[in-house]
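By convention in this document, chain letters (A, B, ...) are assigned in the order of the sequence lines, proteins followed by strands, and residues within each chain are numbered from 1. Since this is a predicted model, take the numbers as computed values, not measurements.
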2 protein chains.
Amino acid sequence: MKLNTKTRYAVMALADMSNFPRKKPVSLRDISLRQSISLLYLEQIFLKLKKNNLVKSIRGTNGGYILNKDPKEIKLSEIFLAIDEKVKTVGCTKESKKGCNGKSTKCITHDLWDELELHINTFFEKKKLSDLAKINQNKIQ
Amino acid sequence: MKLNTKTRYAVMALADMSNFPRKKPVSLRDISLRQSISLLYLEQIFLKLKKNNLVKSIRGTNGGYILNKDPKEIKLSEIFLAIDEKVKTVGCTKESKKGCNGKSTKCITHDLWDELELHINTFFEKKKLSDLAKINQNKIQ
DNA sequence: TCAATACTTGACTATTTTAGTCGGGTATAT
DNA sequence: ATATACCCGACTAAAATAGTCAAGTATTGA
Ligand code: FES
Ligand code: FES
């Protein structure tokens, strides 16, 4: 069970942006340098964020991206959704109308995994971008 | 973020076993048939469960596996540990003493992911095998 | 005794996912 | 004009996943 880099970088980049004034565009180049994330990768990530209206882009010299909302209003769950990252603990898909066992009934673990999924998603619903912007960067030990 | 089949099957198989009397060995063949899990795959999974003392094996005809503890005592976290499945939301490793950014300081998202990891692991600590044994198997909708 | 059952172990593999890169754009400020 | 910076689809190497396979060993019951 792990989180992919795309999602981690997306949150990291947006958190980086939220440390600066809202109005001024932040370039991906700057984010790339500050956060040590590949610029090319960031471009890919920000296209998704833009399509999902989390950021607005400004082209040309001194361009960059600006946050579309106040960091206090941006839920982590929105970022996950934009990046198309889903928490998937159940083995079945709701579309197929079949259990992970291929039968028409739920398997004996289904409700457990469903509960876990809810537990995790609730975390992302409650967490806002503003909650992690000013976190202090202690040394790793 | 998803859960792998090995862990899901491990929990499923143990939950299956916990629906039967403790003393009588349950064969993997039976579990395989009841839960629609590949027998060969189950063998691989149970070797791990055995090495971690969650089950005891009995060879030969009418052999199988028996639970080493009461389902009320078996935490999901123990099963995860046995299967070697870890919840890993941070991008860094604690061993390297470096952040996911390669620097000696934590990245701005580290504490968030750490909190999430704790949140998920707490769930597994609280959940017991007995909590899901008798769950009703409703139709998928 | 001996065949069938069922656990044991390590190696192997196809498929999928991940974590990016690459190339060739377009828009804008100075 | 030219440098900056966003835009977009396609591509790819490497890793992880989800198993299978071969070749055992131990035990029981007929
Ligand atoms: S996880 Fe949904 S049926 Fe098994
Ligand atoms: S997740 Fe630990 S330093 Fe980034």
Side-chain angles (χ1 to χ4, degrees), chain A residues 1-13 17 24-33 35-68 83-89 91-93 100-102, chain B residues 1-10 12-13 17 24-33 35-68 83-89 91 93 100-102:
Chain A
M1 258 210 121
K2 70 179 183 210
L3 196 55
N4 62 19
T5 57
K6 225 165 204 162
T7 311
R8 277 196 284 105
Y9 292 165
V11 175
M12 199 183 291
M17 287 177 70
K24 230 181 100 194
V26 179
S27 74
L28 293 188
R29 192 171 162 277
D30 286 355
I31 297 177
S32 164
L33 290 171
Q35 305 300 334
S36 308
I37 305 171
S38 145
L39 173 61
L40 291 163
Y41 208 20
L42 274 178
E43 290 186 342
Q44 209 183 94
I45 291 166
F46 271 75
L47 287 176
K48 290 195 177 206
L49 296 178
K50 192 198 164 190
K51 268 188 193 127
N52 287 273
N53 293 311
L54 284 172
V55 293
K56 198 151 50 185
S57 69
I58 289 153
R59 300 175 82 145
T61 310
N62 295 324
Y65 287 93
I66 58 177
L67 291 173
N68 244 350
I83 294 299
D84 204 39
E85 171 74 345
K86 291 181 194 71
V87 176
K88 179 159 173 55
T89 55
C92 56
T93 59
C100 65
N101 43 23
Chain B
M1 259 209 120
K2 71 179 182 209
L3 196 55
N4 62 18
T5 58
K6 226 166 203 160
T7 311
R8 277 195 284 106
Y9 291 165
M12 201 184 290
M17 287 176 71
K24 234 183 96 195
V26 180
S27 74
L28 295 189
R29 190 170 163 278
D30 285 355
I31 297 177
S32 164
L33 290 172
Q35 305 300 333
S36 309
I37 305 172
S38 145
L39 174 61
L40 291 162
Y41 207 20
L42 273 178
E43 290 184 342
Q44 211 184 93
I45 290 166
F46 271 75
L47 287 175
K48 291 197 175 205
L49 296 178
K50 192 198 164 187
K51 268 187 192 126
N52 287 274
N53 294 313
L54 283 172
V55 294
K56 199 151 49 185
S57 69
I58 290 153
R59 300 174 80 146
T61 310
N62 295 323
Y65 288 92
I66 57 177
L67 291 174
N68 245 350
I83 294 300
D84 203 40
E85 171 75 346
K86 291 180 194 72
V87 176
K88 180 159 172 55
T89 55
T93 59
C100 64
N101 42 23

Do the ring planes of B:Tyr65 and B:Phe46 sit parallel (below 30°), tilted (30 to 60°) or perpendicular (above 60°)? tilted
Measure the OH-SG distance between A:Tyr9 and B:Cys100 for me, rounded to the nearest 0.5 Å. 6.5 Å
Output all residues satisfying side chain to side chain contact (heavy atoms under 4.5 Å, CB included) with [X], sequence neighbours left out; order by chain, then residue number.
| X | answer |
| --- | --- |
| A:Asn4 | A:Lys6, A:Thr7, A:Glu85 |
| B:Leu40 | B:Ser38, B:Glu43 |
| B:Ser36 | A:Asn101, A:Lys103 |

Please tell me if B:Thr5 has a side-chain N or O lying less than 4.0 Å from either OP1 or OP2 of D:dT17. no
Are B:Tyr41 and D:dC21 close enough that a side-chain N or O sits under 4.0 Å from OP1 or OP2? no
For B:Phe46 and A:Glu85, take the nucleotide of DNA chain C holding the closest heavy atom to each; which residue's nucleotide lies nearer the 5' end? B:Phe46
Quick check for you: name the first and last nucleotides of DNA chain C, 5' to 3', having an atom under 4.0 Å from a heavy atom of chain A. C:dA19 to C:dT30
Let me have a per-nucleotide readout for nucleotides 8-14 of chain D, 5' to 3', with B, S or -, counting only protein heavy atoms under 4.0 Å. B-B----
Below 3.5 Å between N/O atoms, which protein atoms pair up with nucleotides 24-28 of chain D? Just atom names and distances, please.
from, atom 1, to, atom 2, distance (Å)
D:dT25, O2, B:Arg59, NH2, 2.5
D:dA26, O4', B:Arg59, NE, 3.1
D:dA26, O4', B:Arg59, NH2, 3.4
D:dT28, O2, B:Thr61, OG1, 3.3

Name the residue from A:Ile66, A:Leu67, A:Leu49 that meets the side chain to side chain contact (heavy atoms under 4.5 Å, CB included) definition with A:Lys56. A:Ile66
